[in-house]
Trainee: 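One structure follows; several queries about it will come next.
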Number of protein chains: 2
Amino acid sequence: MSNDTDPISVAVVEDVTQVREGLALLISSSDGFDAIGAYDSAERAIEAFATRPPDVVLMDIGLPGMSGIEATRLLKERWPSVQVMMLTVYEDDDRIFRSLQAGATGYVLKNTSPTDLLHDISTLNRGGSPMSSSIARRVVETFHATPPSEPGEEPLTKREEEILALLSEGFRYREIADKLTIGIETVRTHIHHIYRKMHVRSRTEAAVKYVRRTSR
Amino acid sequence: MSNDTDPISVAVVEDVTQVREGLALLISSSDGFDAIGAYDSAERAIEAFATRPPDVVLMDIGLPGMSGIEATRLLKERWPSVQVMMLTVYEDDDRIFRSLQAGATGYVLKNTSPTDLLHDISTLNRGGSPMSSSIARRVVETFHATPPSEPGEEPLTKREEEILALLSEGFRYREIADKLTIGIETVRTHIHHIYRKMHVRSRTEAAVKYVRRTSR
DNA sequence: GCTGGAATCCCACGAAAGGGGGATTCCGGC
DNA sequence: GCCGGAATCCCCCTTTCGTGGGATTCCAGC
């Protein structure tokens, strides 16, 4: 059980010496924070964590050898309670999402001020997910429902939607027909129409489109 | 083109009079903010926006009549540039995600301090996505990849993963074989292994599992 | 009352996909 | 050096799909 006076132990993984040491200095010289390690590669950091894992890791993405994203995945596997905050210059969707998928719970840009960074570390440690504002916006935007109909996509009828749903679950024509108590030929006809409207040529393509559309 | 001196116009939608007026007072009495309206229902707010939509809307969720989430959807449809921030006591996943899907770009809890709230409004207006820290964490957690292996799921080899990805895009065996410059029989063998490991019996089932796993 | 879309059913044909075998080569770990 | 997994290739046989027609019924909107 920790209390107010327990400093947050922080490790830095960053290959550029100057940045790494600057961060370590900032952290160790701040009240309530304890820099317990600064490493120039993910491999070295992981090695050191075997002895003592930190509360929080500031992780660069562009590292020599194992990337910061890969390292995050490994870290979270071995030490699930370690909180990883990506600290990087990248703000492309791909890196953001792969980082979060890997288990990072914070994602801040390197242009963050020292004060804000310390604040973010402490937020992370308290169970929040600090993100630079542009990052947060990107994350939130992935939730926005896609417009009712994609350009050029004709809407499906009720019955077609129904059949598409079953199709996506892998049911055979025969099974769909039985479920809906209609003939298999009817099912085939509906599916033809679905394919034409969705511009696909196989059930798999249709299913993938459907799943992407429904599961956000 | 706005500049530093243009106040951010804010509307409040909140059915509890005391809260509504408190917010309006806070906003109108703060530098850089302009309370242009406070409404006790979504319907009334929408009516008023026809005359002048605000930059930012603080939206309660639990409203009489149309819910704040429904209202957000409508608002974003008619005035896409309006920034909606949910301001609520709820922090269940369902309300959070439905709000974000509806187009909200901020989600803060009502226990937020006045200072922080003003800061959040301004962050929202600058293109960020302010979220209370517990909310941000929930949002981020939805990105976490499902544990490396679901119970009873054997891991796929590199080659199998590769083929599964192509399979999910709807490529035929022949096309996959050509892309990877291997024989079609090899493709078939890999796919058999994939199906066995994933406990599925068709490419569609495999594709759906794959898509759900990768696209969050 | 006509028109058109939705939903239903039918047929035939060829192309894919799925299931079950078996086999070889390569490589890394014990 | 042996073993096992990964990756490769091969064959046979059955089922399911995808495509391209055509047809009927029902109902709502004009």
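Chain letters run A, B, ... following the sequence lines, proteins first, then strands; residues in each count from 1. Computation of the quantities below employed the complete heavy-atom set of this structure, encompassing side-chain atoms and omitting hydrogens, waters and symmetry-equivalent molecules.
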Trainee: Can Glu14(B) and Lys110(B) be counted as an ion pair, charged N to O under 4.0 angstrom?
Mentor: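 Yes.
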Trainee: Can you tell me how the ring of Phe143(A) sits relative to the ring of Phe143(B), calling it parallel under 30°, perpendicular over 60° and tilted otherwise?
Mentor: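 Rings of Phe143(A) and Phe143(B): perpendicular, as their planes differ by over 60°.
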Trainee: Regarding Ser9(A) and Asp55(A), is there a side-chain donor-to-acceptor distance under 3.5 Å anywhere?
Mentor: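 Per modelled atom types, Ser9(A) and Asp55(A) side chains form a pair under 3.5 Å.
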Trainee: For His190(A) and Arg172(A), take the nucleotide of DNA chain C holding the closest heavy atom to each; which residue's nucleotide lies nearer the 5' end?
Mentor: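 By nearest-heavy-atom nucleotide position, the 5'-most residue is His190(A).
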Trainee: When the distance from CG of Leu180(B) to P of dA6(D) is rounded to whole Å, what number comes out?
Mentor: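 Rounding to the nearest Å, CG of Leu180(B) and P of dA6(D) are 17 Å apart.
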Trainee: Is any side-chain nitrogen or oxygen of Thr186(A) closer than 4.0 Å to OP1 or OP2 of dA7(C)?
Mentor: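 Negative; the distance criterion is not met.
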Trainee: How many whole angstroms separate atom CZ of Arg174(B) from atom P of dA15(C)?
Mentor: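 Taking atom P of dA15(C) as the reference, CZ of Arg174(B) is at 14 Å.
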Trainee: Ile184(A) CD1 to dT8(C) C1': how many Å, rounded?
Mentor: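 One finds 14 Å between C1' of dT8(C) and CD1 of Ile184(A), rounded.
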Trainee: At less than 4.0 Å, is any side-chain N or O atom of Thr157(A) found next to OP1 or OP2 of dA7(C)? Yes or no.
Mentor: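 Looking at the OP1 and OP2 atoms of dA7(C), one of them is under 4.0 Å from a side-chain N or O of Thr157(A).
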Trainee: Does Tyr173(B) have a side-chain nitrogen or oxygen under 4.0 Å from the phosphate oxygens OP1 or OP2 of dG18(C)?
Mentor: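 Yes, because at least one side-chain N or O of Tyr173(B) sits under 4.0 Å from OP1 or OP2 of dG18(C).
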Trainee: Quick check for you: among dT8(D), dG18(D), dC9(C), whose closest atom lies nearest to any side-chain atom of Thr189(B)?
Mentor: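 Nearest to the side chain of Thr189(B) among the choices is dT8(D).
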Trainee: So, is Arg159(B) close to the dT8(D) phosphate, meaning a side-chain N or O under 4.0 Å from OP1 or OP2?
Mentor: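 Checking Arg159(B) against dT8(D): at least one side-chain N or O falls below 4.0 Å of OP1 or OP2.
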Trainee: For the residue pair Ser122(A) and Arg126(A), confirm or rule out a side-chain donor-acceptor distance under 3.5 Å.
Mentor: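 Ser122(A) vs Arg126(A): donor-acceptor pair found between side chains.
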Trainee: Distance check needed: dG18(D) C1' versus Met198(A) CE, whole Å only.
Mentor: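 Rounded to the whole Å, the gap is 16 Å.
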Trainee: Return the value, rounded to whole Å, for the distance between atom CD1 of Ile194(B) and atom P of dA17(C).
Mentor: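 Distance, rounded to whole Å: 13 Å.
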Trainee: Regarding dC17(D), can its base be found pairing with the side chain of Ser202(A) as donor and acceptor, where the two atoms are less than 3.5 Å apart?
Mentor: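 Side chain to base: no pair present.
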Trainee: Whether Glu162(B) and Arg159(B) form a salt bridge (side-chain N of Lys/Arg under 4.0 Å from carboxylate O of Asp/Glu) is what I want to check.
Mentor: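 Salt bridge flag = yes for Glu162(B) with Arg159(B).
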Trainee: Given the structure, check if the side chain of Arg188(A) and the base of dG18(D) hold any donor-acceptor pair shorter than 3.5 Å.
Mentor: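 Side chain to base: pair present.
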Trainee: Side-chain N or O of Tyr195(B) versus OP1/OP2 of dA17(C): is the shortest distance under 4.0 Å?
Mentor: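 No, because none of the side-chain N or O atoms of Tyr195(B) sits under 4.0 Å from OP1 or OP2 of dA17(C).
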Trainee: Starting from P on dG5(D), measure out to CG on Leu156(B) and report it in whole angstrom.
Mentor: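 Whole-Å distance recorded here is 16 Å.
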Trainee: Could you give the CD1-to-P distance, from Ile163(A) to dA7(C), as a whole number of Å?
Mentor: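 The distance from CD1 of Ile163(A) to P of dA7(C) comes to 9 Å, rounded to the nearest Å.
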Trainee: Considering heavy-atom distances to DNA chain C, does Arg203(B) or Val187(A) have its closest nucleotide positioned more toward the 5' end?
Mentor: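 The answer here is Val187(A).
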Trainee: So which nucleotide from dA7(C), dG20(C), dC10(C) ends up closest to the side chain of Glu185(A)?
Mentor: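 Of the options given, the side chain of Glu185(A) lies nearest dC10(C).
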